[in-house]
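One structure coming up, written as structure tokens, with questions to follow.
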Amino acid sequence: MGRTTPRSDLLRMYDDLLAAYGPQQWWPADTPTEVVIGAVLTQNTAWTNVEKAIASLRKAGALDLPHIAALDEAELAALIRSAGTFRIKARRLQALARWVVDEHGGDLTRALSGPTAEVRQRLLQLHGVGPETADAILLYAGNHPVFVVDAYARRVLRRHGLLTDAAAYDVVQAYFEQRLPRDAQLFNEYHALLVEVGKRHCRAVARCTGCPLAHWPHNEANT
DNA sequence: TGCCAGGCCGGGT
DNA sequence: ACCCGGCATGGC
């Protein structure tokens with residue numbers, strides 16, 4: 001009686017990260033269109049390479065979905081070359097762009113509107129859109145409250161023993177979503193903070209000195 | 001200089 | 001239902 005509910009481990013971890021790094025204001029893109037393009041381009045790719053590709057698209061005046069849908073596939077591939085796996089990504093970008101253009105008149109906001117589960121299912125049907133890409137689009141372009149699971153989220157949780165071995169995407173996502181309030185802004189910041197701490201401290205060569213999670217239980221075996 | 005990065009697909013067991 | 005090779009540039 002009268003006692004407050006203790007914050008979950010995940011919320012306390014969030015507090016630690018936020019205190020250390022402050023609000024991240026993610027996704028690093030100016031518009032929803034750039035979010036969806038970046039979400040595809042960053043698949044298994046360093047963001048620095050994605051930035052170059054987006055700059056290339058902008059310079060060519062092709063940084064919008066109708067242009068991408070209409071471009072010759074080889075031309076598009078050339079524009080996004082610096083993102084790596086560019087032939088594959090050209091095809092994937094066009095699948096996404098043509099969905100928005102053909103089924104929603106080029107209106108991305110409209111394409112992403114509706115019940116979260118339904119939009120997610122539709123995104124997952126598109127060639128080149130898997131769970132992480134779909135969720136990044138839903139959260140960062142559509143403001144849907146879904147938790148984005150990426151390599152960093154996995155690494156951080158595994159390293160601190162909150163997650164045992166390699167769990168499936170949906171399992172990790174459920175882990176977050178069942179322990180956090182369903183709040184798009186929180187999911188947004190949390191994912192960004194996990195990327196930040198992951199980049200700084202949980203890469204292949206772990207640098208734990210100065211890590212804001214240093215006082216959390218540590219699993220040396222898992223990096 | 002090799003290894004790796006904010007995955008996903010397609011084919012094989 | 002998993003497992004694996006392929007995709008490819010730029011940075012460390």
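Letters go in sequence order (proteins before strands), and every chain restarts at 1. These figures come from a predicted structure and were not determined experimentally.
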Exercise: identify the closest heavy-atom pair between A/I137 and A/A39: CG1-CB, 4.0 Å
Near-strand residues of residues 33-56 of chain A, defined as heavy-atom separation under 4.0 angstrom from DNA chain C: A/N44, A/N49, A/K52
Can you sort out the partners of A/F176 under ring-ring contact (aromatic ring centres under 6.0 Å, His included), two or more places apart, ordered by chain and number? A/F147, A/Y190
Going by ring-ring contact (aromatic ring centres under 6.0 Å, His included), name the residues that satisfy it together with A/H160, two or more places apart in sequence or in a different chain. A/H218
Scan side-chain atoms only and decide if A/H215 and A/D16 contain a donor-acceptor pair under the 3.5 Å cut-off. yes
Residues at least two apart in sequence or cross-chain that pass side-chain contact (heavy atoms from CB on, under 4.5 Å) with A/T109, listed by chain then number, are A/D107
Residues passing the salt bridge (charged side-chain N to carboxylate O under 4.0 Å, His left out) test with A/R91, sequence neighbours excluded, are none
At under 4.0 Å between heavy atoms, what does A/V148 touch on the DNA or RNA strands: base, sugar-phosphate, or nothing? nothing
Mind calculating the distance between NE2 (A/H191) and C1' (B/dG7) to the nearest angstrom? 12 Å
Donor-acceptor side-chain pairing of A/D135 and A/Y140 below 3.5 angstrom: no
Hey, is A/E118 close enough to A/R122 for a salt bridge, meaning N to O under 4.0 Å? no
Interatomic distance where CG belongs to A/L57 and C1' belongs to C/dT9 [whole Å]: 15 Å
Should the pair A/D9-A/R12 be classified as a salt bridge under the 4.0 Å nitrogen-to-oxygen rule? yes
So if I take residues 85-95 of chain A and measure heavy-atom distances to DNA chain C, which residues fall below 4.0 Å? A/T85, A/F86, A/R87, A/I88
Do A/R98 and A/E103 meet the salt-bridge criterion of a basic N to acidic O distance under 4.0 Å? no
Can you list everything that forms a salt bridge (charged side-chain N to carboxylate O under 4.0 Å, His left out) with A/R110? Sequence neighbours excluded, please. none
Would you mind classifying the nucleic acid contact of A/A151 as base, sugar-phosphate or nothing, using non-hydrogen atoms under 4.0 angstrom? sugar-phosphate
I need the CG-C1' distance between A/L124 and B/dG7, as an integer number of Å. 13 Å
With sequence neighbours left out, what residues match A/E75 under salt bridge (charged side-chain N to carboxylate O under 4.0 Å, His left out)? none
Please identify each residue that fulfils ring-ring contact (aromatic ring centres under 6.0 Å, His included) with A/W99, with sequence neighbours left out. A/H104
With P as the reference atom in both, quote the distance from B/dT1 to C/dA8 in angstrom, rounded to an integer. 24 Å
Rounded to the nearest angstrom, tell me the gap between atom CZ in A/R155 and atom C1' in B/dG7. 13 Å
Could you pick out which residue, A/A136 or A/V129, lies toward the 5' side of DNA chain B when each is mapped onto its nearest nucleotide? A/A136
With A/E177, which residues qualify under salt bridge (charged side-chain N to carboxylate O under 4.0 Å, His left out), at least two apart? A/R182
Could you summarise the pairing of DNA chain B as dot-bracket text, marking Watson-Crick and G-U pairs under 3.5 Å with ( ) or [ ] inside the strand and | across strands? .||||.|||||||
Under 4.0 Å, heavy atoms only, any strand: does A/I80 hit a base, just the sugar-phosphate, or nothing? nothing
Expressed in angstrom and rounded to an integer, what is the separation of A/E132 atom CD from B/dC9 atom P? 12 Å
Identify the pairs formed between an N or O of the protein and an N or O of nucleotides 11-13 of chain B at a distance under 3.5 Å, and give each distance.
none

Integer-rounded Å distance: B/dG7 C1' and A/H127 NE2: 12 Å
